[in-house]
Amino acid sequence: MNTIRALFTVSVGKKIVMGLTGLFLCLFLLVHLSGNLLLFKHDGGAAFNEYSAFMSTSWVIRIMEFVLLFGFAFHIVEGVVLTIQNRRARPHRYALNDASSNSDWTSRTMFVTGSIVFVFLVVHLNTFFVRHRFLHVQETMYDSVVHAFQRGWNGWYWAFYVVAMVLLAFHLHHGFQSAFQSLGLNHKRYTPLIKKLGLLFAIIVPAGFASMPIYFHFQQFVK
Amino acid sequence: MDLTLKIWRQKDAQSEGRFVTYQVTDISPDMSFLEMLDVLNEDLIRKGEDPVAFDHDCREGICGACGLYINGRAHGPLKGTTTCQLHMRHFRDGDTIVVEPWRAGPFPVIKDLVVDRSALDRILRAGGYISVNTGSAPEANSIPVPKEAADEAFDAATCIGCGACVAACKNASAMLFVAAKVSHLSLLPQGQVEKRQRVLRMVAQMDEEGFGNCTNTYACEAECPKEISVSHIARMNREYLAALLTSGK
(Lines give C-alpha, C1' and ligand atoms only; values in the text may rest on other atoms or scores of the structure.)
Protein backbone atom coordinates (compact mmCIF):
# COMPACT_ATOMS: atom_id res chain seq x y z
CA MET A 1 0.00 0.00 0.00
CA ASN A 2 1.07 3.54 -0.69
CA THR A 3 2.89 4.78 2.43
CA ILE A 4 1.39 8.27 2.53
CA ARG A 5 -2.15 7.00 1.94
CA ALA A 6 -1.71 4.39 4.68
CA LEU A 7 -0.69 7.10 7.14
CA PHE A 8 -4.06 8.77 6.70
CA THR A 9 -6.39 5.81 6.18
CA VAL A 10 -5.09 2.86 8.21
CA SER A 11 -5.76 2.77 11.98
CA VAL A 12 -2.10 2.40 12.94
CA GLY A 13 -1.05 5.05 10.40
CA LYS A 14 -3.48 7.56 11.86
CA LYS A 15 -2.02 6.94 15.31
CA ILE A 16 1.42 7.73 13.94
CA VAL A 17 0.19 11.01 12.39
CA MET A 18 -1.54 12.01 15.64
CA GLY A 19 1.62 11.22 17.61
CA LEU A 20 3.99 13.05 15.28
CA THR A 21 1.85 16.17 14.94
CA GLY A 22 1.15 16.10 18.69
CA LEU A 23 4.85 16.08 19.57
CA PHE A 24 5.51 18.81 16.99
CA LEU A 25 2.78 20.95 18.62
CA CYS A 26 4.36 20.27 22.05
CA LEU A 27 7.63 21.62 20.66
CA PHE A 28 5.78 24.67 19.35
CA LEU A 29 4.29 25.27 22.81
CA LEU A 30 7.80 25.29 24.31
CA VAL A 31 9.11 27.79 21.74
CA HIS A 32 6.02 29.99 22.08
CA LEU A 33 6.25 29.97 25.88
CA SER A 34 9.96 30.77 25.98
CA GLY A 35 9.47 33.75 23.67
CA ASN A 36 6.49 35.02 25.61
CA LEU A 37 8.45 34.99 28.87
CA LEU A 38 9.97 38.28 27.58
CA LEU A 39 6.65 39.83 28.70
CA PHE A 40 7.96 39.61 32.26
CA LYS A 41 11.05 41.72 31.54
CA HIS A 42 10.63 45.09 33.24
CA ASP A 43 11.40 47.26 30.24
CA GLY A 44 7.95 48.48 29.24
CA GLY A 45 7.70 45.73 26.64
CA ALA A 46 10.74 46.76 24.56
CA ALA A 47 12.27 43.25 24.38
CA PHE A 48 8.89 41.63 23.77
CA ASN A 49 8.05 44.06 20.96
CA GLU A 50 11.40 43.47 19.34
CA TYR A 51 10.81 39.71 19.58
CA SER A 52 7.33 39.98 18.08
CA ALA A 53 8.65 42.18 15.25
CA PHE A 54 11.26 39.51 14.51
CA MET A 55 8.58 36.80 14.54
CA SER A 56 6.48 38.66 11.99
CA THR A 57 9.31 39.53 9.58
CA SER A 58 11.80 36.63 9.63
CA TRP A 59 11.38 34.40 6.56
CA VAL A 60 12.34 31.32 8.62
CA ILE A 61 9.42 32.00 10.94
CA ARG A 62 7.15 32.66 7.93
CA ILE A 63 7.94 29.18 6.60
CA MET A 64 7.47 27.66 10.05
CA GLU A 65 4.04 29.33 10.24
CA PHE A 66 2.93 27.18 7.33
CA VAL A 67 4.45 24.05 8.84
CA LEU A 68 2.63 24.89 12.06
CA LEU A 69 -0.63 25.46 10.19
CA PHE A 70 -0.33 21.99 8.64
CA GLY A 71 0.62 20.51 11.99
CA PHE A 72 -2.54 21.91 13.56
CA ALA A 73 -4.70 21.02 10.56
CA PHE A 74 -3.64 17.37 10.43
CA HIS A 75 -3.89 16.98 14.22
CA ILE A 76 -7.37 18.51 14.33
CA VAL A 77 -8.82 16.82 11.23
CA GLU A 78 -7.43 13.40 12.19
CA GLY A 79 -8.72 13.92 15.73
CA VAL A 80 -12.24 14.58 14.47
CA VAL A 81 -12.11 11.66 12.00
CA LEU A 82 -10.85 9.28 14.70
CA THR A 83 -13.57 10.38 17.11
CA ILE A 84 -16.32 9.79 14.54
CA GLN A 85 -14.92 6.38 13.50
CA ASN A 86 -14.46 5.30 17.10
CA ARG A 87 -18.04 6.16 18.01
CA ARG A 88 -19.29 4.22 15.00
CA ALA A 89 -17.31 1.15 16.08
CA ARG A 90 -19.75 0.74 18.99
CA PRO A 91 -23.24 1.47 17.65
CA HIS A 92 -24.94 -0.02 20.71
CA ARG A 93 -23.52 1.45 23.91
CA TYR A 94 -23.36 -0.21 27.33
CA ALA A 95 -26.17 0.47 29.78
CA LEU A 96 -23.60 0.35 32.56
CA ASN A 97 -19.93 1.11 31.87
CA ASP A 98 -17.44 1.58 34.68
CA ALA A 99 -14.67 3.15 32.58
CA SER A 100 -13.10 4.98 35.52
CA SER A 101 -11.83 1.70 36.98
CA ASN A 102 -9.78 0.77 33.91
CA SER A 103 -8.59 4.04 32.39
CA ASP A 104 -7.61 7.61 33.15
CA TRP A 105 -10.34 10.19 32.45
CA THR A 106 -7.96 12.53 30.65
CA SER A 107 -7.40 9.75 28.09
CA ARG A 108 -11.15 9.43 27.48
CA THR A 109 -11.83 13.15 27.07
CA MET A 110 -9.27 14.10 24.44
CA PHE A 111 -11.95 15.21 21.98
CA VAL A 112 -13.62 17.48 24.54
CA THR A 113 -10.41 19.02 25.89
CA GLY A 114 -9.03 19.31 22.35
CA SER A 115 -12.18 21.05 21.10
CA ILE A 116 -12.05 23.64 23.87
CA VAL A 117 -8.37 24.25 23.19
CA PHE A 118 -9.34 24.73 19.52
CA VAL A 119 -11.95 27.36 20.46
CA PHE A 120 -9.26 29.05 22.53
CA LEU A 121 -6.88 28.92 19.57
CA VAL A 122 -9.37 30.71 17.31
CA VAL A 123 -10.06 33.42 19.91
CA HIS A 124 -6.35 33.80 20.66
CA LEU A 125 -5.35 34.11 16.99
CA ASN A 126 -8.13 36.61 16.41
CA THR A 127 -7.01 38.81 19.29
CA PHE A 128 -3.33 39.00 18.45
CA PHE A 129 -2.27 37.40 15.18
CA VAL A 130 -5.16 38.56 12.93
CA ARG A 131 -5.27 42.10 14.32
CA HIS A 132 -1.57 42.68 13.88
CA ARG A 133 -0.77 40.70 10.74
CA PHE A 134 -3.87 41.42 8.68
CA LEU A 135 -5.64 44.43 10.21
CA HIS A 136 -2.34 46.27 10.94
CA VAL A 137 -3.57 47.86 14.18
CA GLN A 138 -1.50 50.84 15.33
CA GLU A 139 -0.34 49.61 18.72
CA THR A 140 2.59 47.55 19.92
CA MET A 141 2.13 43.86 20.60
CA TYR A 142 2.97 44.52 24.24
CA ASP A 143 0.15 47.07 24.53
CA SER A 144 -2.27 44.63 22.87
CA VAL A 145 -1.36 42.01 25.45
CA VAL A 146 -1.77 44.39 28.37
CA HIS A 147 -5.10 45.78 27.11
CA ALA A 148 -6.54 42.34 26.38
CA PHE A 149 -5.65 40.91 29.76
CA GLN A 150 -6.62 43.99 31.76
CA ARG A 151 -9.89 45.04 30.15
CA GLY A 152 -10.75 42.60 27.34
CA TRP A 153 -14.33 41.23 27.32
CA ASN A 154 -15.33 43.51 30.22
CA GLY A 155 -12.42 42.32 32.32
CA TRP A 156 -12.94 38.55 31.87
CA TYR A 157 -10.76 37.78 28.84
CA TRP A 158 -7.87 36.74 31.12
CA ALA A 159 -10.07 34.19 32.93
CA PHE A 160 -10.95 32.50 29.63
CA TYR A 161 -7.22 32.04 29.03
CA VAL A 162 -6.69 30.48 32.43
CA VAL A 163 -9.59 28.02 31.96
CA ALA A 164 -8.32 27.09 28.47
CA MET A 165 -4.84 26.44 29.87
CA VAL A 166 -6.28 24.08 32.50
CA LEU A 167 -7.94 22.12 29.69
CA LEU A 168 -4.71 22.19 27.69
CA ALA A 169 -3.01 20.67 30.74
CA PHE A 170 -5.48 17.76 30.75
CA HIS A 171 -5.00 17.32 27.00
CA LEU A 172 -1.22 17.25 27.37
CA HIS A 173 -1.33 14.93 30.38
CA HIS A 174 -2.59 12.14 28.14
CA GLY A 175 -1.23 13.39 24.83
CA PHE A 176 2.46 13.76 25.63
CA GLN A 177 3.13 10.20 26.81
CA SER A 178 0.53 8.76 24.41
CA ALA A 179 2.45 10.13 21.41
CA PHE A 180 5.48 8.02 22.29
CA GLN A 181 3.35 4.87 22.54
CA SER A 182 1.76 5.63 19.16
CA LEU A 183 5.19 5.95 17.57
CA GLY A 184 6.10 2.56 19.01
CA LEU A 185 8.42 3.98 21.65
CA ASN A 186 7.59 1.88 24.69
CA HIS A 187 10.33 0.53 26.92
CA LYS A 188 10.30 -0.89 30.44
CA ARG A 189 12.97 1.53 31.56
CA TYR A 190 12.06 4.69 29.64
CA THR A 191 8.25 4.67 29.53
CA PRO A 192 7.81 5.44 33.28
CA LEU A 193 10.27 8.31 32.76
CA ILE A 194 8.34 9.61 29.72
CA LYS A 195 5.11 9.51 31.75
CA LYS A 196 6.71 11.57 34.54
CA LEU A 197 8.14 13.99 31.97
CA GLY A 198 4.67 14.24 30.38
CA LEU A 199 3.10 15.11 33.72
CA LEU A 200 5.75 17.80 34.31
CA PHE A 201 5.25 19.18 30.79
CA ALA A 202 1.46 19.20 31.24
CA ILE A 203 1.80 21.22 34.44
CA ILE A 204 4.70 23.59 33.68
CA VAL A 205 3.83 24.69 30.11
CA PRO A 206 0.13 25.58 30.68
CA ALA A 207 1.02 27.11 34.05
CA GLY A 208 3.64 29.25 32.31
CA PHE A 209 1.11 30.46 29.76
CA ALA A 210 -1.59 31.03 32.39
CA SER A 211 0.80 33.10 34.51
CA MET A 212 0.74 35.85 31.85
CA PRO A 213 -2.99 36.74 31.89
CA ILE A 214 -3.01 36.36 35.67
CA TYR A 215 0.02 38.64 36.07
CA PHE A 216 -1.22 41.40 33.76
CA HIS A 217 -4.79 41.29 35.02
CA PHE A 218 -3.91 41.62 38.69
CA GLN A 219 -0.99 44.00 38.12
CA GLN A 220 -3.48 46.82 37.45
CA PHE A 221 -4.90 46.53 40.98
CA VAL A 222 -1.63 46.52 42.93
CA LYS A 223 -0.19 49.73 41.52
CA MET B 1 -26.65 -15.31 48.82
CA ASP B 2 -29.72 -13.76 47.27
CA LEU B 3 -29.13 -11.63 44.21
CA THR B 4 -31.03 -9.51 41.71
CA LEU B 5 -29.82 -9.95 38.14
CA LYS B 6 -30.49 -7.52 35.30
CA ILE B 7 -29.66 -9.54 32.23
CA TRP B 8 -29.67 -8.50 28.56
CA ARG B 9 -32.14 -10.72 26.66
CA GLN B 10 -32.20 -10.67 22.89
CA LYS B 11 -33.97 -13.32 20.80
CA ASP B 12 -31.58 -13.11 17.82
CA ALA B 13 -29.38 -10.70 15.89
CA GLN B 14 -32.38 -9.06 14.22
CA SER B 15 -34.55 -8.55 17.31
CA GLU B 16 -34.43 -5.62 19.69
CA GLY B 17 -33.01 -6.61 23.06
CA ARG B 18 -33.97 -5.50 26.57
CA PHE B 19 -32.98 -6.01 30.18
CA VAL B 20 -34.96 -8.58 32.17
CA THR B 21 -34.73 -8.71 35.96
CA TYR B 22 -34.38 -12.08 37.69
CA GLN B 23 -34.06 -13.08 41.34
CA VAL B 24 -31.73 -15.92 42.33
CA THR B 25 -31.67 -17.32 45.86
CA ASP B 26 -29.42 -19.64 47.88
CA ILE B 27 -26.33 -18.92 45.78
CA SER B 28 -23.15 -20.30 47.33
CA PRO B 29 -20.28 -17.79 47.58
CA ASP B 30 -18.03 -20.58 46.25
CA MET B 31 -19.90 -20.80 42.95
CA SER B 32 -18.36 -19.26 39.87
CA PHE B 33 -20.32 -16.58 38.04
CA LEU B 34 -21.21 -19.08 35.31
CA GLU B 35 -22.40 -21.65 37.88
CA MET B 36 -24.63 -18.96 39.34
CA LEU B 37 -26.07 -18.45 35.83
CA ASP B 38 -26.50 -22.26 35.56
CA VAL B 39 -28.65 -22.11 38.71
CA LEU B 40 -30.74 -19.36 37.15
CA ASN B 41 -31.11 -21.33 33.91
CA GLU B 42 -32.19 -24.53 35.69
CA ASP B 43 -34.79 -22.46 37.44
CA LEU B 44 -35.95 -20.95 34.12
CA ILE B 45 -36.12 -24.37 32.44
CA ARG B 46 -38.17 -25.74 35.34
CA LYS B 47 -40.61 -22.86 34.84
CA GLY B 48 -40.74 -23.58 31.11
CA GLU B 49 -38.98 -20.34 30.19
CA ASP B 50 -36.16 -19.83 27.70
CA PRO B 51 -32.78 -20.12 29.50
CA VAL B 52 -30.21 -17.30 29.17
CA ALA B 53 -27.70 -18.06 26.41
CA PHE B 54 -24.04 -17.42 27.30
CA ASP B 55 -20.74 -18.70 25.91
CA HIS B 56 -18.58 -21.04 27.99
CA ASP B 57 -16.27 -23.97 27.43
CA CYS B 58 -13.31 -24.96 29.63
CA ARG B 59 -14.45 -23.10 32.75
CA GLU B 60 -10.86 -22.98 33.95
CA GLY B 61 -9.83 -19.64 32.49
CA ILE B 62 -7.81 -20.82 29.52
CA CYS B 63 -10.13 -21.10 26.50
CA GLY B 64 -11.45 -17.58 25.95
CA ALA B 65 -15.03 -18.67 25.30
CA CYS B 66 -16.68 -16.92 28.22
CA GLY B 67 -16.93 -13.18 28.47
CA LEU B 68 -19.64 -11.06 30.01
CA TYR B 69 -19.83 -7.36 30.77
CA ILE B 70 -20.59 -7.49 34.51
CA ASN B 71 -21.46 -4.27 36.37
CA GLY B 72 -19.77 -2.20 33.67
CA ARG B 73 -16.53 -4.23 33.57
CA ALA B 74 -15.32 -6.84 31.07
CA HIS B 75 -15.20 -10.21 32.91
CA GLY B 76 -16.44 -8.45 36.08
CA PRO B 77 -14.64 -6.51 38.80
CA LEU B 78 -11.51 -8.65 39.31
CA LYS B 79 -8.17 -8.03 37.60
CA GLY B 80 -6.67 -10.75 35.42
CA THR B 81 -9.72 -13.02 35.71
CA THR B 82 -12.10 -14.57 33.21
CA THR B 83 -15.82 -14.68 33.93
CA CYS B 84 -15.63 -18.43 34.67
CA GLN B 85 -12.97 -17.83 37.32
CA LEU B 86 -14.90 -15.00 38.97
CA HIS B 87 -16.49 -16.33 42.15
CA MET B 88 -19.64 -15.12 43.85
CA ARG B 89 -17.74 -14.32 47.08
CA HIS B 90 -16.64 -11.12 45.35
CA PHE B 91 -20.24 -9.92 45.43
CA ARG B 92 -22.40 -9.14 48.45
CA ASP B 93 -25.67 -10.68 49.52
CA GLY B 94 -28.53 -8.59 48.12
CA ASP B 95 -26.45 -7.07 45.30
CA THR B 96 -27.98 -6.12 41.98
CA ILE B 97 -25.73 -7.29 39.12
CA VAL B 98 -26.05 -5.94 35.57
CA VAL B 99 -24.97 -8.42 32.87
CA GLU B 100 -24.49 -7.35 29.24
CA PRO B 101 -22.89 -8.96 26.20
CA TRP B 102 -19.66 -7.54 24.69
CA ARG B 103 -20.76 -4.48 22.73
CA ALA B 104 -18.92 -3.64 19.50
CA GLY B 105 -20.01 -3.21 15.91
CA PRO B 106 -17.85 -6.16 14.73
CA PHE B 107 -19.28 -8.36 17.56
CA PRO B 108 -22.99 -8.69 16.66
CA VAL B 109 -25.19 -10.32 19.30
CA ILE B 110 -26.30 -13.83 18.30
CA LYS B 111 -28.58 -14.40 21.27
CA ASP B 112 -28.79 -12.90 24.76
CA LEU B 113 -25.19 -12.72 26.02
CA VAL B 114 -23.57 -14.57 23.10
CA VAL B 115 -21.76 -12.49 20.48
CA ASP B 116 -20.18 -13.49 17.18
CA ARG B 117 -16.42 -13.08 17.58
CA SER B 118 -15.45 -14.57 14.23
CA ALA B 119 -14.05 -11.15 13.21
CA LEU B 120 -11.06 -12.06 15.42
CA ASP B 121 -10.67 -15.36 13.56
CA ARG B 122 -10.67 -13.56 10.22
CA ILE B 123 -7.86 -11.28 11.48
CA LEU B 124 -5.84 -14.36 12.45
CA ARG B 125 -6.49 -15.91 9.06
CA ALA B 126 -5.11 -12.74 7.42
CA GLY B 127 -1.63 -13.30 8.87
CA GLY B 128 -1.55 -14.81 12.34
CA TYR B 129 0.41 -17.87 11.27
CA ILE B 130 3.79 -19.02 9.98
CA SER B 131 4.07 -20.96 6.74
CA VAL B 132 6.12 -24.04 7.52
CA ASN B 133 6.32 -27.49 6.04
CA THR B 134 4.57 -30.09 8.11
CA GLY B 135 6.56 -32.99 9.49
CA SER B 136 8.10 -33.96 12.77
CA ALA B 137 9.08 -31.22 15.23
CA PRO B 138 12.53 -29.77 14.47
CA GLU B 139 15.39 -30.33 16.89
CA ALA B 140 14.85 -27.66 19.57
CA ASN B 141 18.48 -26.60 19.86
CA SER B 142 18.81 -25.95 16.13
CA ILE B 143 16.88 -22.67 16.42
CA PRO B 144 18.37 -20.58 19.22
CA VAL B 145 15.87 -18.17 20.86
CA PRO B 146 17.09 -15.65 23.46
CA LYS B 147 15.43 -16.18 26.86
CA GLU B 148 14.05 -12.59 26.96
CA ALA B 149 12.48 -12.97 23.51
CA ALA B 150 10.98 -16.34 24.45
CA ASP B 151 9.48 -14.87 27.65
CA GLU B 152 8.09 -11.82 25.86
CA ALA B 153 6.66 -13.93 23.03
CA PHE B 154 5.08 -16.26 25.56
CA ASP B 155 3.46 -13.33 27.41
CA ALA B 156 1.87 -12.29 24.12
CA ALA B 157 0.92 -15.87 23.29
CA THR B 158 -1.14 -16.16 26.48
CA CYS B 159 -3.90 -14.25 24.64
CA ILE B 160 -7.01 -16.45 24.65
CA GLY B 161 -8.89 -14.30 22.14
CA CYS B 162 -11.82 -13.65 24.47
CA GLY B 163 -12.35 -10.11 23.14
CA ALA B 164 -12.32 -8.36 26.53
CA CYS B 165 -9.89 -5.78 25.10
CA VAL B 166 -12.43 -4.84 22.42
CA ALA B 167 -15.30 -4.90 24.92
CA ALA B 168 -13.54 -2.64 27.42
CA CYS B 169 -12.05 -0.18 24.91
CA LYS B 170 -14.06 3.01 24.57
CA ASN B 171 -13.35 2.82 20.82
CA ALA B 172 -14.07 -0.92 20.46
CA SER B 173 -10.52 -1.27 19.16
CA ALA B 174 -8.94 -4.72 18.70
CA MET B 175 -5.36 -3.44 18.83
CA LEU B 176 -4.31 -5.42 21.90
CA PHE B 177 -5.56 -8.67 20.38
CA VAL B 178 -3.87 -8.02 17.02
CA ALA B 179 -0.71 -6.68 18.69
CA ALA B 180 -0.43 -9.81 20.85
CA LYS B 181 -0.43 -12.00 17.74
CA VAL B 182 1.93 -9.74 15.75
CA SER B 183 4.29 -9.40 18.70
CA HIS B 184 4.28 -13.12 19.53
CA LEU B 185 5.33 -14.16 16.03
CA SER B 186 7.69 -11.25 15.29
CA LEU B 187 9.76 -12.00 18.40
CA LEU B 188 10.55 -15.54 17.35
CA PRO B 189 12.91 -16.67 14.56
CA GLN B 190 10.16 -18.70 12.86
CA GLY B 191 8.06 -15.55 12.46
CA GLN B 192 10.72 -13.47 10.70
CA VAL B 193 10.04 -14.53 7.11
CA GLU B 194 6.48 -13.18 6.97
CA LYS B 195 7.02 -10.42 9.52
CA ARG B 196 6.37 -7.45 7.25
CA GLN B 197 3.37 -8.70 5.30
CA ARG B 198 1.85 -10.18 8.47
CA VAL B 199 1.49 -6.84 10.24
CA LEU B 200 0.20 -5.08 7.10
CA ARG B 201 -2.41 -7.76 6.41
CA MET B 202 -3.61 -8.21 9.98
CA VAL B 203 -3.99 -4.47 10.52
CA ALA B 204 -5.83 -4.14 7.18
CA GLN B 205 -8.24 -6.94 8.17
CA MET B 206 -8.74 -5.38 11.62
CA ASP B 207 -9.77 -2.10 9.94
CA GLU B 208 -12.01 -3.88 7.46
CA GLU B 209 -13.90 -5.61 10.27
CA GLY B 210 -14.85 -2.17 11.61
CA PHE B 211 -12.95 -2.13 14.89
CA GLY B 212 -12.19 1.34 16.26
CA ASN B 213 -8.83 3.09 16.48
CA CYS B 214 -6.58 2.87 19.51
CA THR B 215 -6.32 6.08 21.56
CA ASN B 216 -4.02 4.66 24.25
CA THR B 217 -6.51 4.68 27.15
CA TYR B 218 -4.99 1.32 28.16
CA ALA B 219 -8.39 -0.01 29.31
CA CYS B 220 -7.53 -3.19 27.33
CA GLU B 221 -4.46 -3.93 29.43
CA ALA B 222 -6.40 -3.27 32.63
CA GLU B 223 -9.24 -5.64 31.67
CA CYS B 224 -7.27 -8.38 29.84
CA PRO B 225 -7.72 -11.62 31.81
CA LYS B 226 -4.18 -12.56 30.80
CA GLU B 227 -2.85 -9.06 31.65
CA ILE B 228 -1.16 -8.65 28.27
CA SER B 229 0.85 -5.41 28.19
CA VAL B 230 0.19 -2.49 25.85
CA SER B 231 3.93 -2.57 25.11
CA HIS B 232 2.92 -5.15 22.49
CA ILE B 233 0.78 -2.46 20.81
CA ALA B 234 3.87 -0.24 20.67
CA ARG B 235 5.78 -3.11 19.06
CA MET B 236 3.01 -3.53 16.49
CA ASN B 237 3.16 0.22 15.75
CA ARG B 238 6.93 -0.07 15.21
CA GLU B 239 6.52 -3.17 13.05
CA TYR B 240 3.80 -1.46 11.05
CA LEU B 241 5.88 1.68 10.42
CA ALA B 242 8.89 -0.44 9.42
CA ALA B 243 6.74 -2.56 7.08
CA LEU B 244 5.17 0.54 5.57
CA LEU B 245 8.52 2.15 4.86
CA THR B 246 10.12 -0.99 3.42
CA SER B 247 7.24 -2.78 1.69
CA GLY B 248 8.44 -1.37 -1.63
CA LYS B 249 5.04 -0.86 -3.19
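These numbers come from a predicted model, not from an experiment. We name chains A, B, ... by the order of the sequence lines, and we start the count at 1 in each one.
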[X] versus chain A, the contacting section by heavy-atom distance below 4.5 Å:
X	answer
B/P77	neither
B/F211	backbone
B/F19	side chain

Do you know which of [options] has the most heavy-atom pairs with chain A at a distance under 4.5 angstrom?
options	result
B/G210, B/A172, B/P106, B/P101	B/A172
B/R238, B/E100, B/R103	B/R103
B/S173, B/A204, B/A167, B/C220	B/A167

Side chains of [X] and [Y]: do they bring a donor and an acceptor to under 3.5 Å?
X	Y	value
B/D12	B/S15	yes
A/N97	B/K170	no
B/N171	B/T215	yes

Exam field: side chain B/H87 to backbone B/Q85, donor-acceptor pair closer than 3.5 Å
yes
Is there a ring-ring contact (aromatic ring centres under 6.0 Å, His included) between B/H75 and B/W102? Walk through the geometry before answering.
CA-CA 10 Å; B/H75 290 297; B/W102 285 171; 5.3 Å; yes
Go through B/E152 and B/K147 one step at a time and tell me if the salt bridge (Lys or Arg N to Asp or Glu O under 4.0 Å) criterion holds.
CA-CA 9 Å; B/E152 187 101 358; B/K147 173 83 170 93; over 6 Å; no
Consider ring-ring contact (aromatic ring centres under 6.0 Å, His included). Of A/Y161, A/F149, A/Y157, A/F118, which one does A/H124 pass it with?
A/Y161
Between [X] and chain B, with a heavy-atom cut-off of 4.5 Å, which part of the residue counts as in contact: side chain, backbone, both or neither?
X	answer
A/H174	side chain
A/S182	both
A/I16	side chain

So OG of A/S56 and CZ of A/R133: to nearest 0.5 Å the spacing works out to 6.0 Å
Are there residues of residues 223-237 of chain B whose heavy atoms fall under 4.5 Å of chain A's heavy atoms? If so, which?
B/E223, B/V230, B/S231, B/I233, B/A234, B/M236, B/N237
Verify side-chain hydrogen bond (donor to acceptor under 3.5 Å, both in side chains) between A/S107 and A/D104, making sure each step is shown before the conclusion.
CA-CA 6 Å; A/S107 74; A/D104 192 280; 5.3 Å; no
Close side-chain approach of A/M64 to A/M55, heavy-atom, < 4.5 Å
no
